[in-house]
Amino acid sequence: MEEPMRRLLIPLVALALFFGLFAQTGRAQRRREPKWDRYDTKHYKILHSCSKIEASYLGDWMEFVHKAYSVIIKVKSDTKHVIKLFRDRREWNECGQPPGAGAYYTLHTKQLVGYYDRRAVFPYFAHEGTHQFIHIAVPDMPRLIPTWFNEGLADCMGSSKVINKKFRWCLFNALIAKGRSYTIKKALREGTARKLTDLFALTHRQFMGDAKLHYAQSWSMVHFLFCYPHVELPKKWIPNGKYKKAIVVYFDLLRKGTPHAEAWNEALGTIGKTHEEIEKEWKEYVLNTLPDTGPSDDDAYMGVRTQESKRGGMEVVSVVPGGPAEQAGFQVGDRIVYFEKKKIRNYDIFIAELKKRKPGDEIKVTVVRGRKTERLKLVLGRRGDYDKKEEEKKKKKG
Ligand SMILES: [Zn+2]
């Protein structure tokens, strides 16, 4: 199903977060900055080159998120958190920002940096904002807070939405969570997931060595601790699972400098569980309780990476070599505007239309290329076939 999800999610999130925590000064110096306008909220100072209304959308959102952060982490700070918000992806690239990232957090400046995108800006800033928030609460964060916990918590925060005017977080059916859920379920079924105690002990470098799996496993563990035995609570905005207390105790001990293994043991003690019991419950929860929401092998597959265009439609950012879209003649920069007679106004419509189709279906897609309009005949592939090919390619590269 969700072609752009995997394509967008994995590179953007994984890379963003990598840059996120450990971007160095040297790299930042080569970057240019646009002329900033300033927009203030209660807790954030937003320097932006996008429109004021866009900055205010993010500002409102971050105030919601800030409230959620404050539930678990107590911070005493009078200074506002700084956000730098570029106008769009184009400006982001022109200014020499990391091309694969959607947002990141820098330790040395304590700034949250990203670009405006109607769909991705909210989850990504909620994720990266978690690092910023933790860092302000725990100045020695890189040494004291294990990567699995930092990233797992950030992904739970990033998996949030405003539903009926209420901010809801730790959702399973959200942009970040859907991709993570697919990855960890697959890993558990295939027996490639890590033992939890091994995951907890990974250094940042080790964590990034198999980022896709480790992000997914960490997200699932923090989600489990927040929500178990439910998937999410329909009425409350704060998840209130049986083991939530373990998170609070664990974090509190970590910030005081307790070694992580000791902190975890003590946290388990407060909920009266052993490692083995928790590991077993977590596995069952992921496999049997979390619904399947992410992509599956039998989804129709197009083989493009896309983003919403401000002129309407979906702009092709990259084309997978040998994939269905390449065979149909798609090019980078094409703007997809119609699937048959259905107008593709935005991402949601694009995904909904793609989901209606099966592998092997043939559809006529209208794209705007420069000043011309082209109609391309696309035969959709099957996701599982292409995933396998990609994995084999990776193995060959070694
Ligand atoms: Zn992160």
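Indexing begins at 1, ligand by ligand and atom by atom, following the structure's order. Just so you know, these numbers come straight off a predicted model, no measurement behind them.
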- Task: Kindly indicate whether the side chain of S160, heavy atoms from C-beta on, has any atom under 4.5 Å from the side chain of P123.
- Result: no
- Below 4.5 Å, heavy atoms only, C-beta onward: do T147 and H214 meet side chain to side chain? no
Among the N, O or S atoms that [X] has, which is closest to the Zn ion (ligand 1)?
X: H127; value: NE2
X: H131; value: NE2
X: E151; value: OE1

- Query: Do R119's NZ or CZ and the ring of Y347 fall within the cation-pi criteria of under 6.0 Å and 45°?
  - Reply: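 Flagged: R119 positioned over aromatic ring of Y347.
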- Under 4.0 Å between a Lys/Arg side-chain N and an Asp/Glu carboxylate O for R383 and D298?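 No salt bridge links R383 with D298.
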- Query: Do any N/O/S atoms of E128 come under 2.8 Å of the Zn ion (ligand 1)?
  - Reply: no
